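Remarks on the structure that follows.
Every value quoted in this text rests on a predicted model; they were computed, and no experiment measured them.
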Number of protein chains: 2
Amino acid sequence: MDSRSAGRAAVGKRQRLTAAAARVLHEQGVERTTIADIARAADVPAGNVYYYFKTKDELVEAALAEHSGYLATLTRRLDRLPNPRERLKGLVAAWVDQRDTAARLGCPTGTLAVELDKRAEGGLDLAVGQVIRQLLDWVEQQYRQLGVADPAGHALALVGAYQGMSLLTNALRDPEIMTREGARLAREIDGLVQG
Amino acid sequence: MDSRSAGRAAVGKRQRLTAAAARVLHEQGVERTTIADIARAADVPAGNVYYYFKTKDELVEAALAEHSGYLATLTRRLDRLPNPRERLKGLVAAWVDQRDTAARLGCPTGTLAVELDKRAEGGLDLAVGQVIRQLLDWVEQQYRQLGVADPAGHALALVGAYQGMSLLTNALRDPEIMTREGARLAREIDGLVQG
DNA sequence: GTCTATACAGCGATAGAC
DNA sequence: GTCTATCGCTGTATAGAC
């Protein structure tokens with residue numbers, strides 16, 4: 001195996017571990033997930049994980065970056081829509097699309113925020129705040145382009161509504177909640193006027 | 001020590017353990033809290049806990065019941081207000097009052113819901129759903145008395161907004177979020193008309 | 001770079017003396 | 001009813017062979 005394919009294999013394992021961490025940590029929660037769980041899901045030998053990630057926290061950090069990347073991809077796709085109103089409704093539609101996952105597991109970032117808040121060491125609690133900020137900033141931009149008053153307030157309300165309905169959908173195990181609330185949010189966005 | 005004071009002492013320890021569990025589980029999270037932590041906070045010898053609670057899950061269950069009781073007390077107090085609009089705004093005001101705690105720790109019931117969802121054994125994930133239902137039902141009653149259309153939908157939106165703003169307040173460490181969002185919710189309640 | 005073996009710590013739960 | 005001692009397990013992390 002030459003150095004190029006060896007390098008590729010190494011990147012491959014790291015990426016598989018990162019993707020597996022994002023998935024398994026969402027499913028089982030941070031505290032109940034062992035490094036062996038993630039290794040198994042990534043199809044990487046358990047004892048090999050520490051070569052790529054020195055601590056469990058580094059794996060959590062990688063998973064968080066994965067979610068941040070997903071969010072960036074989503075908003076970049078929405079940016080191609082013709083106007084801010086459509087972009088915001090596209091975001092809501094993307095949320096509603098995830099309703100079954102939300103009912104089983106909640107919002108990936110939101111549940112991570114709750115768990116990492118209780119994990120003071122390493123400052124991961126602040127890192128997850130930045131990911132939420134990232135979404136908040138994008139939403140605020142859209143409201144600003146719409147010309148409404150207090151775009152930051154509108155952004156807080158919309159992202160907050162999403163986090164809240166994810167939590168209720170999960171706690172009550174009912175994806176329909178997401179559908180109903182999503183429809184309400186879309187109506188509100190449609191009803192907005194400049195001012 | 002006669003049987004009466006022995007009984008009282010037993011009840012006292014059980015209650016202290018329950019109150020301590022509610023507090024410490026909220027502060028540290030379920031998974032990161034040890035039975036010894038709760039015992040220390042309750043000022044009960046560590047080895048004595050198992051006499052009152054056979055498992056850790058029973059302690060969690062007791063903490064959940066404590067939160068449910070708090071909620072019942074709060075809504076009973078709000079029931080003395082003259083009309084449903086004031087009662088709903090009183091609920092929002094009670095939430096905003098807790099903004100500093102929310103910024104540090106999030107909503108007690110909401111964070112518990114996220115954590116217990118990942119703890120399938122014992123059915124505590126369903127129990128926390130019932131506590132949320134309890135609040136949802138009370139709120140729905142108020143909207144019904146107000147005569148608005150779709151009182152259940154309004155209840156989901158209000159409680160969802162609370163859970164969402166609690167999570168954002170906590171993740172971003174900013175109690176002001178709670179104040180702003182609370183003001184917005186109060187305005188919405190004031191603006192409601194029958195139909 | 002890969003993998004095995006294991007050190008080391010913490011915790012839930014139990015047994016049993018008092 | 002109270003408390004100590006400890007079992008047994010799990011999980012993070014490391015040492016070191018290959």
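Taking atom OH of residue B:Tyr51 and atom C1' of nucleotide D:dT2, one finds them 9 Å apart after rounding to whole Å. In this structure, B:Leu59 places its CG atom 13 Å from C1' of C:dA13, rounding to the nearest Å. Atoms CD1 (A:Ile38) and C1' (D:dT12) sit 12 Å apart, rounded to a whole Å. Straight-line distance from the OH atom of B:Tyr52 to the C1' atom of C:dA13: 18 Å, rounded to whole Å. Between the CZ atom of B:Phe53 and the P atom of C:dC11 there is a distance of 20 Å, given to the nearest Å. We find that CG of A:Asn48 is positioned 15 Å from P of C:dA5, with the value rounded to whole Å.
Non-hydrogen atoms lying under 4.0 Å from DNA chain C are contributed by nothing in residues 18-37 of chain A.
At the phosphate of D:dA13, OP1 or OP2 sits under 4.0 Å from a side-chain N or O atom of A:Tyr50.
Exactly one of A:Ile177, A:Thr179, A:Asp174 qualifies for a side-chain contact (heavy atoms from CB on, under 4.5 Å) with A:Thr169. That residue is A:Ile177.
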Give the table of side-chain donor-acceptor pairs shorter than 3.5 Å for residues 62-76 of chain A, with sequence neighbours excluded, one pair per line with atom names and distance.
| unit_1 | atom_1 | unit_2 | atom_2 | d |
| --- | --- | --- | --- | --- |
| A:Ser68 | OG | A:Gln134 | OE1 | 2.9 |
| A:Thr73 | OG1 | A:Gly69 | O | 3.0 |
| A:Thr75 | OG1 | A:Leu71 | O | 3.1 |
| A:Thr75 | OG1 | A:Ala72 | O | 3.1 |

Identify every side-chain donor-acceptor pair in residues 94-113 of chain A under 3.5 Å, counting partners at least two apart or on other chains, and give the distances.
| unit_1 | atom_1 | unit_2 | atom_2 | d |
| --- | --- | --- | --- | --- |
| A:Arg99 | NH1 | A:Val96 | O | 3.1 |
| A:Thr111 | OG1 | A:Cys107 | O | 2.9 |
| A:Thr111 | OG1 | A:Pro108 | O | 3.2 |

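Relative to the ring axis of B:Tyr51, B:Arg14 does not place its NZ or CZ within 45° and under 6.0 Å from the centre.
With hydrogens and angles disregarded, a donor-acceptor distance shorter than 3.5 Å links the side chain of A:Arg16 to the backbone of A:Asp43.
Side-chain atoms of B:Thr33 and B:Leu59, non-hydrogen and from C-beta on, never get closer than 4.5 Å to each other.
When the nucleotides D:dT12, C:dC3, D:dC3 are ranked by their closest atom to the side chain of A:Lys56, D:dT12 comes out on top. With distances taken from any side-chain atom of A:Lys13 to the nucleotides D:dT2, C:dA13, C:dT2, the minimum falls on C:dT2.
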